[in-house]
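Down below is the structure, laid out as structure tokens.
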Amino acid sequence: QHYHRYPQVIAWATSHHPDRSAFYDENGFSRYLAARYGTLEKISQAWGMDITDLPRITMQVAHQSDDAVEPLRYGRPSLDAALYRRQFLSDLLNLWATTIRRHDPTRLVFTGALSTYRSIISVPTSYDAIIPFLAPDTAEPDVSTHNVHAVDIARRANRFAVFPVLIPSQASTSPSSLGSVANWLNEAALHGASGIAFSDWTKLSGNNQLEAIIQFSMKQISETNILNATPLATTALLYVPFGEGSSTT
């Protein structure tokens, strides 16, 4: 309400790591099931069990019901518990974005740094840009490309601009490590990033070699104009973190 009057503000960003702000509770899970299925009979049919009291069906019960049938099975009850969490996260992100747009409908809205795949795929269309922060020490240990596949996932068929976050402190001053940073930048650009961010600019200060590598790499990338190009999708990345198992419709 206050800062939207300042012309220096060029965009807004919501909170980092929204998973940490999502408080999943059993009442919310019950409401989700009621909205999804409508009646206890339909839930019972989908879950393959007799459900007579919805408040007693907790997320723990949902997971245990699969384990009781087959320990390795990921069926409809566990899927509903996972989908509830994803929907909650999407609703939370949307609440933040729509609140910002109510006061300032003209400027861009970015996510904060998103450190889980679930949060990346939960971003609603009320956002303009996604900032994935899938570091090798918290996601896949992909030191070669810094988990550049997160850029592909976040682009969502070019619906969002994507600004991946890199961690410069994970590179030392050795020639091979400096080369890795240049590769991270090039990979991000080639996978459709609209720009690149660094987790901590203070880690760059005083490291003249690292600064030089970044400046040289970004100059090359800028000269190709690849950051302003619209990526042309030739393959589809289908992100499926879980399967539905058996269900009856």
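In this chain, residues are counted from 1 in sequence order. These figures come from a predicted structure and were not determined experimentally.
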Note: Ile120 and Arg156 closest approach over all heavy atoms is O-NH1, 3.1 Å
- Message: Would the distance check show the side chain of Arg86 and the main-chain N or O of Arg118 forming a donor-acceptor pair, the cut-off being under 3.5 Å?
- Response: no
Item to complete: With the side chain counted from C-beta on, respond yes when Val181 and Ser217 share a heavy-atom pair under 4.5 Å apart, and no when they do not.
Response: no
*With a 6.0 Å cut-off on ring centres, are Tyr117 and His149 close enough?*
yes
Any sub-3.5 Å donor-acceptor pair from Ser44's side-chain atoms to Leu40's backbone N or O?
yes
Going by chain and number, the hydrophobic cluster around Val151 (ILVMFWY, side chain to side chain under 4.5 Å) further includes Val148, Val162
Rounded to the nearest 0.5 Å, the NE2 atom of His191 sits from the CG atom of Asn186 at a distance of 11.0 Å
Sorted by chain and residue number, the ring pair (Phe, Tyr, Trp, His ring centres under 6.0 Å) partners of Tyr24 (sequence neighbours excluded) come out as Phe88
Practice item. Would you please test Thr14 and Tyr127 for side-chain contact (heavy atoms from CB on, under 4.5 Å) and show each step? Key: CA-CA 10 Å; Thr14 55; Tyr127 286 79; 3.3 Å; yes
The side-chain hydrogen bond (donor to acceptor under 3.5 Å, both in side chains) partners of Asn183 (sequence neighbours excluded) come to none
The residue among Leu89, Val123, Thr116 that forms side-chain contact (heavy atoms from CB on, under 4.5 Å) with Pro18 is Leu89
**OP:** Please report the C-alpha distance between Gln87 and Asp91 in whole Å, then the side-chain angles of each, then the deciding distance to 0.1 Å, and finally whether the side-chain hydrogen bond (donor to acceptor under 3.5 Å, both in side chains) criterion is met.
**Re:** CA-CA 6 Å; Gln87 186 61 55; Asp91 290 344; 2.9 Å; yes
### Message
Do Phe23 and Tyr32 land in one hydrophobic cluster if side-chain heavy atoms of ILVMFWY residues count as linked below 4.5 Å?
### Response
no
In short, side chain to side chain donor-acceptor pair (under 3.5 Å) pairs touching residues 92-102 with sequence neighbours left out are Asn94-Ser126, Arg101-Asp128
- Under 3.5 Å, side chain of Arg107 to main-chain N/O of Val9, donor-acceptor pair present? yes
Residue set satisfying side chain to side chain contact (heavy atoms under 4.5 Å, CB included) with Glu26, at least two apart, ordered chain then number -> Phe29, Thr58, Met59
request  = Decide yes or no for Leu33 and Trp47: does some side-chain heavy atom of the first lie under 4.5 Å from some side-chain heavy atom of the second?
outcome  = yes
Taking Leu210's backbone N and O only, do any of them form a donor-acceptor pair with Asn207's side chain (distance below 3.5 Å, no angle check)? yes
Residue set satisfying side chain to side chain contact (heavy atoms under 4.5 Å, CB included) with Thr39, at least two apart, ordered chain then number -> Glu41, Lys42
Separation between CG (Asp137) and CD1 (Ile167), nearest 0.5 Å, reads 5.0 Å
Steps toward side-chain hydrogen bond (donor to acceptor under 3.5 Å, both in side chains) verdict (Asp200, Thr202): CA-CA 5 Å; Asp200 189 349; Thr202 62; 2.4 Å; yes
**Q.** 4.5 Å side-chain heavy-atom contact, Leu114 and Pro132
**A.** no
Check your understanding: Side chains of Pro77 and His63: does their closest heavy-atom pair fall under 4.5 Å?
Key -> no
* Asked: Under the 3.5 angstrom rule, does the side chain of Arg36 hit a backbone N or O of Tyr84 as a donor-acceptor pair?
  -> no
Exercise. Going by the angle between their ring planes, with limits at 30° and 60°, are Tyr6 and His2 parallel, tilted or perpendicular?
Worked result: tilted
Exercise for review: Answer yes if the side chains of Thr52 and Asp50 hold a donor-acceptor pair under 3.5 Å, and no otherwise.
Suggested key: no
Checking side-chain polar atoms at under 3.5 Å, does Ser119 have a donor or acceptor matched by the opposite partner on Ser122?
no
inquiry  = Using a 3.5 Å distance criterion without hydrogens, assess whether the side chain of Arg20 forms a donor-acceptor pair with backbone atoms of His16.
reply    = no
All heavy atoms of Gly195 vs all of Leu227, minimum pair found to be N-CD2, 4.1 Å
Are Tyr3 and Ile100 linked, directly or through intermediate hydrophobic residues, by side-chain heavy-atom contacts shorter than 4.5 Å (ILVMFWY only)?
yes
The reported gap from CZ in Arg76 to CG in Leu79 (rounded to nearest 0.5 angstrom) is 5.5 Å
Rounded to the nearest 0.5 angstrom, the CD-CE distance for Glu223 and Met218 is 11.5 Å
Of all heavy-atom pairs linking Leu93 and Pro124, the shortest is CB-CD, 3.8 Å
Separation between CD1 (Ile196) and CH2 (Trp184), nearest 0.5 Å, reads 12.5 Å
message = Is it the case that the side chain of Ser78 and the backbone of Gly75 share a donor-acceptor pair, with hydrogens and angles ignored and the cut-off at 3.5 Å?
response = no
Could you check if a side-chain atom of Phe160 sits within less than 4.5 angstrom of a side-chain atom of Thr111, using non-hydrogen atoms only? no
Rounding to 0.5 Å, atoms CZ (Phe133) and CG (Leu166) come to a distance of 9.0 Å
Would you call Phe198 and Val165 a side-chain contact if the rule is heavy atoms closer than 4.5 Å? no
Asn147 and Glu140 have their tightest heavy-atom pair at ND2-O, 2.9 Å
In short, His146 meets Ala135 closest at the heavy-atom pair CE1-CA, 3.9 Å
Report task. Answer with yes or no whether the hydrophobic clustering places Phe163 together with Leu108; edges join I, L, V, M, F, W, Y residues whose side-chain heavy atoms lie under 4.5 Å apart. Result -> yes
_If only side-chain N and O atoms count, and only distance matters, is there a donor-acceptor pair under 3.5 Å linking Ser30 with Asn27?_
no
Minimal heavy-atom distance between Val61 and Ile57, with the atoms involved, is CG1-CD1, 4.3 Å
| Does CD belonging to Gln1 count more than 12 external heavy atoms closer than 6.0 Å? | no
